[in-house]
Amino acid sequence: MNQSNLSDTRITRCFAKLANQNRKAFVAFLTAGDPDFQTSKQLVSGLPAAGVDVIEIGMPFSDPMADGPSIQVSSQRALRNGMTLVKTLDLVREFRKTDDATPIVLMGYYNPIYRYGAHRFVQECAEIGVDGLIIVDLPPEEDKELCEPALTAGLHWVRLVTPSTDDDRIDAVLHNVSGFVYYISVLGVTGTRRAMADHIEVAVSRLRKYTKLPIAVGFGIKTPEHASAVAEHADGIVVGSAIVDMVKANLDEIGKPNAELVDRVHDFVRDIAKGVENA
Amino acid sequence: MSIIIATFHAVAVVPLNSNINSETDSFRSGPDETGHFGIYGGRFVAETLMPLILNVEKAYRAASNDPDFQNEFDYYAKHYIGRPSPLYHAARLSEHLGGPKIYFKRDELNHTGAHKINNTLGQILLARRMKKTRIIAETGAGQHGVATATVCALFDLPCVVYMGETDIERQAPNVFRMKLLGAEVIPVTSGTGTLKDAMNEALRDWVANVDTTFYIIGTVAGPHPYPEMVRNFQSVIGNETREQILEAENRLPDCLVACIGGGSNAMGLFHPFLDHPDIQIIGVEAAGLGIETGKHAASITGGQPGVLHGNRTYLLQTDDGQIIDAHSISAGLDYPGIGPEHSWLHESGRVSYVSVTDQEALEAFQLCCQTEGIIPALEPAHALAHVMKIAKQFDPSQILVMNMCGRGDKDVFSVAEALGTKL
């Protein structure tokens with residue numbers, strides 16, 4: 001695959017700038033359309049000002065089998081309120097009207113994209129300013145499906161590396177990956193277990209033998225202190241479940257957002273960003 | 001007639017357990033080495049699971065080539081499950097329908113009352129070879145859960161069964177059976193609380209416990225090598241049928257019919273016969289309240305290709321690619337997908353896929369009770385309902401084999417309710 005067109009992108013510029021400043025990247029996850037399109041739009045657009053370096057937008061799916069309860073119910077909230085893949089792309093379009101610098105990575109499962117049409121999807125992503133894709137259920141064995149079309153369209157392909165990725169497999173997993181590597185610090189689904197800092201230190205230094213790409217670590221990071229401890233050993237951290245939990249905490253019993261939801265989520269994100277800053 | 005004789009001779013010289021050929025013109029040569037049947041199948045799973053799935057495949061290949069593994073399977077199949085199951089000429093039903101000579105392959109007489117145990121036996125023997133110490137499974141109607149809990153009790157392995165909350169309510173006897181057998185039944189409330197969500201939850205358990213745990217998938221779906229492996233364990237059904245029909249009739253059948261949820265009983269019956277072009281093969285999906293109502297479980301008849309639970313196959317889904325809940329009076333057919341090999345057999349035209357409504361299945365259920373003294377499960381009642389529809393197209397010299405893949409004791413409550421009888 002020709003990846004030369006991926007050497008100067010929003011993602012590479014972002015990580016290069018942070019490295020020059022000796023800072024770590026804060027990657028924040030939100031589910032598109034959670035709890036509804038308008039609120040979601042406000043939430044996403046305020047992330048850069050709250051200290052987020054890379055925005056990861058979840059594309060809701062009815063059967064998110066690699067996700068824990070927090071992101072599962074967040075996807076359900078979005079779908080119940082009419083979110084679709086088409087509207088997720090609209091959300092990105094809206095965001096790009098006012099921000100052309102912050103990298104956006106879409107994360108999700110393959111089926112909605114497959115229904116939409118893989119080539120049509122990657123082309124549209126490239127046009128509207130999506131920078132990369134993380135598709136949980138597309139391992140390297142299935143790279144022809146979407147990874148190769150995505151690279152051709154000029155999108156980064158970010159893959160999850162896990163504690164179960166052994167030496168036999170690591171080259172295959174890192175093949176075609178660019179932008180950054182997402183290391184999952186625990187075995188399991190998103191948001192359920194807490195990663196141990198010493199495990200991360202060992203795992204990240206092992207991974208560095210195989211790749212020069214920046215390494216972001218995620219799964220189970222919930223507090224500014226934890227973010228700080230993990231960021232110390234990596235180039236960036238990813239926080240998802242804890243943020244969507246904050247969305248949920250500000251919904252009433254019928255799922256309507258209260259007036260403070262957007263501010264509270266941004267306040268929480270700002271606290272995490274301070275934690276990352278202290279790393 | 002000459003064709004039939006030729007077919008018979010061709011079969012007779014082939015050992016029962018071999019793949020008859022691996023030429024590209026065979027319908028039995030799939031999957032390819034990456035687990036695809038045409039465009040279907042594959043390995044669409046999270047990276048955490050990939051090393052594990054590759055290990056399962058490696059261990060399965062080694063086991064398949066080890067005569068000790070086959071011997072162990074055969075031993076328990078015979079002495080524990082009660083195989084071979086009879087191939088029974090349903091004479092009164094044949095006469096009543098006035099068409100072909102109808103045979104039932106009686107997998108409902110297996111220990112635990114359905115074909116499911118053929119597969120759970122094979123997989124638990126593999127899990128033991130892999131030194132796994134914990135078993136997980138998903139279940140819808142509870143038949144696969146019971147069959148898994150049974151072999152776990154037999155081999156003293158802890159067993160966790162994921163079951164949708166909705167299914168737990170409507171299948172209380174099977175929940176209790178699993179508990180009696182020592183399994184832990186975990187209610188699944190995520191998603192819509194049905195079989196697909198139970199499978200999601202089992203996959204989530206597996207990613208969190210990769211070192212110790214073996215996941216016994218209940219049908220010919222999931223990431224490669226599951227569709228192939230489950231098919232091969234279930235092919236005991238078709239292999240026996242071939243031997244038995246040759247013994248009884250001195251020739252192969254003209255038609256095979258089986259019901260399809262995920263499609264494991266059907267693959268098991270069909271696979272050994274796929275390369276006999278004269279044999280008409282029909283899979284029967286559940287049309288629920290009717291395909292046009294949207295309340296059905298007919299993935300091929302009423303769905304479109306997509307990717308779920310590790311494989312590409314026909315799925316019930318919205319235009320946005322969100323999975324839709326299946327509906328059928330038969331909890332065992334109530335799955336919004338189908339095994340990938342069926343999707344391929346459908347597109348290649350080798351197997352016809354049709355559908356039967358709840359109402360038609362209920363009528364077949366009663367007819368079977370009355371004419372044969374066999375209370376069928378609601379799943380094979382779907383197959384029988386289609387046999388009733390097509391019987392007149394055959395003459396009495398022709399032979400039809402239907403897989404009676406489960407017994408109906410578990411269904412008497414739902415049938416009573418559907419018929420308006422208070423128990």
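Nothing here was measured: the structure is a model prediction, and the numbers come from that model. Chain letters run A, B, ... following the sequence lines, proteins first, then strands; residues in each count from 1.
Ranking B:Thr34, B:Leu308, B:Ile324 against chain A, the residue ahead of the rest is B:Leu308, based on heavy-atom pairs under 4.5 Å. Comparing B:Asn209, B:Thr318, B:Asp211, B:Asp320 by how many heavy-atom pairs each has under 4.5 Å with chain A, the most go to B:Asp320. Note on B:Gly35, B:Gly191, B:Pro305, B:Ser190: by heavy-atom pairs under 4.5 Å with chain A, the leading option is B:Pro305. Annotation: maximal heavy-atom pairing with chain B below 4.5 Å, among A:Val86, A:Thr165, A:Ile135, occurs at A:Thr165.
Of the two parts of B:Ile53, neither the backbone nor the side chain holds a non-hydrogen atom closer than 4.5 Å to a non-hydrogen atom of chain A. The part of A:Leu79 that comes within reach of chain B is its side chain, from C-beta onward, which places non-hydrogen atoms under 4.5 angstrom from that chain. Neither the backbone nor the side chain of A:Met59 comes within contact range of chain B; no heavy atom of the residue lies under 4.5 Å from a heavy atom of that chain. With a 4.5 angstrom heavy-atom cutoff, B:Leu54 touches chain A only via side-chain atoms. Looking at A:Tyr116, there are no atoms closer than 4.5 Å to chain B (heavy atoms on both sides), in backbone or side chain. In this structure, chain A has no heavy atom under 4.5 Å from any part of B:Pro223. A:Asp67 touches chain B through its backbone: at least one of N, CA, C or O sits under 4.5 Å from a heavy atom, while the side chain does not. Contacts between A:Val189 and chain B at a heavy-atom distance below 4.5 Å involve backbone atoms as well as side-chain atoms. Using a 4.5 Å cut-off between heavy atoms, A:Pro69 makes no contact with chain B at all. Only the side chain of B:Leu315 comes within contact range of chain A, judged by heavy atoms closer than 4.5 Å. The parts of B:His309 that come within reach of chain A are both its backbone and its side chain, each placing non-hydrogen atoms under 4.5 angstrom from that chain.
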* Asked: Which is it for A:Leu133 and A:Trp157 under the side chain to side chain contact (heavy atoms under 4.5 Å, CB included) test, yes or no, and what are the steps along the way?
  -> CA-CA 5 Å; A:Leu133 300 175; A:Trp157 188 259; 4.1 Å; yes
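Atom CD1 of B:Ile300 is separated from atom CD1 of B:Ile338 by 3.5 Å, given to the nearest 0.5 angstrom.
B:Arg134 and B:Thr213 are linked by a side-chain donor-acceptor pair at a separation below 3.5 angstrom, with hydrogens and angles left out of the test. In this model, a donor atom of one side chain and an acceptor atom of the other lie less than 3.5 Å apart for A:Asp245 and A:Ser70. At a cut-off of 3.5 Å, with distance as the only test, a side-chain donor of B:Asn232 or B:Tyr60 sits close to an acceptor on the other residue. In the model, A:Asn176 has no side-chain atom that pairs as donor or acceptor with a side-chain atom of A:Glu148 under 3.5 Å. A side-chain donor-acceptor contact under 3.5 Å links B:Ser343 and B:Thr313. Looking only at atom types and distance, the side chain of A:Asp34 has no donor-acceptor partner in the side chain of A:Ser40 under 3.5 Å away. A side-chain donor from one of B:Glu285 and B:Thr301 sits under 3.5 Å from a side-chain acceptor of the other. Checking A:His156 against A:Ser178 by side-chain atom types alone, a donor-acceptor pair falls below 3.5 Å.
Classified by interplanar angle (parallel below 30°, tilted 30° to 60°, perpendicular above 60°), the ring pair B:Trp344/B:Phe37 is tilted.
Looking only at distances, a side-chain donor or acceptor of B:Asn65 sits under 3.5 Å from a matching main-chain atom of B:Arg61.
At a heavy-atom cut-off of under 4.5 Å, chain A is reached by B:Asn200, B:Glu201, B:Leu203, B:Arg204, B:Val207, B:Ala208 from residues 199-208 of chain B, listed in order of number.
Residue pairs meeting the salt bridge (charged side-chain N to carboxylate O under 4.0 Å, His left out) criterion with at least one partner in residues 305-315 of chain B, sequence neighbours excluded, are A:Glu145-B:Arg312.
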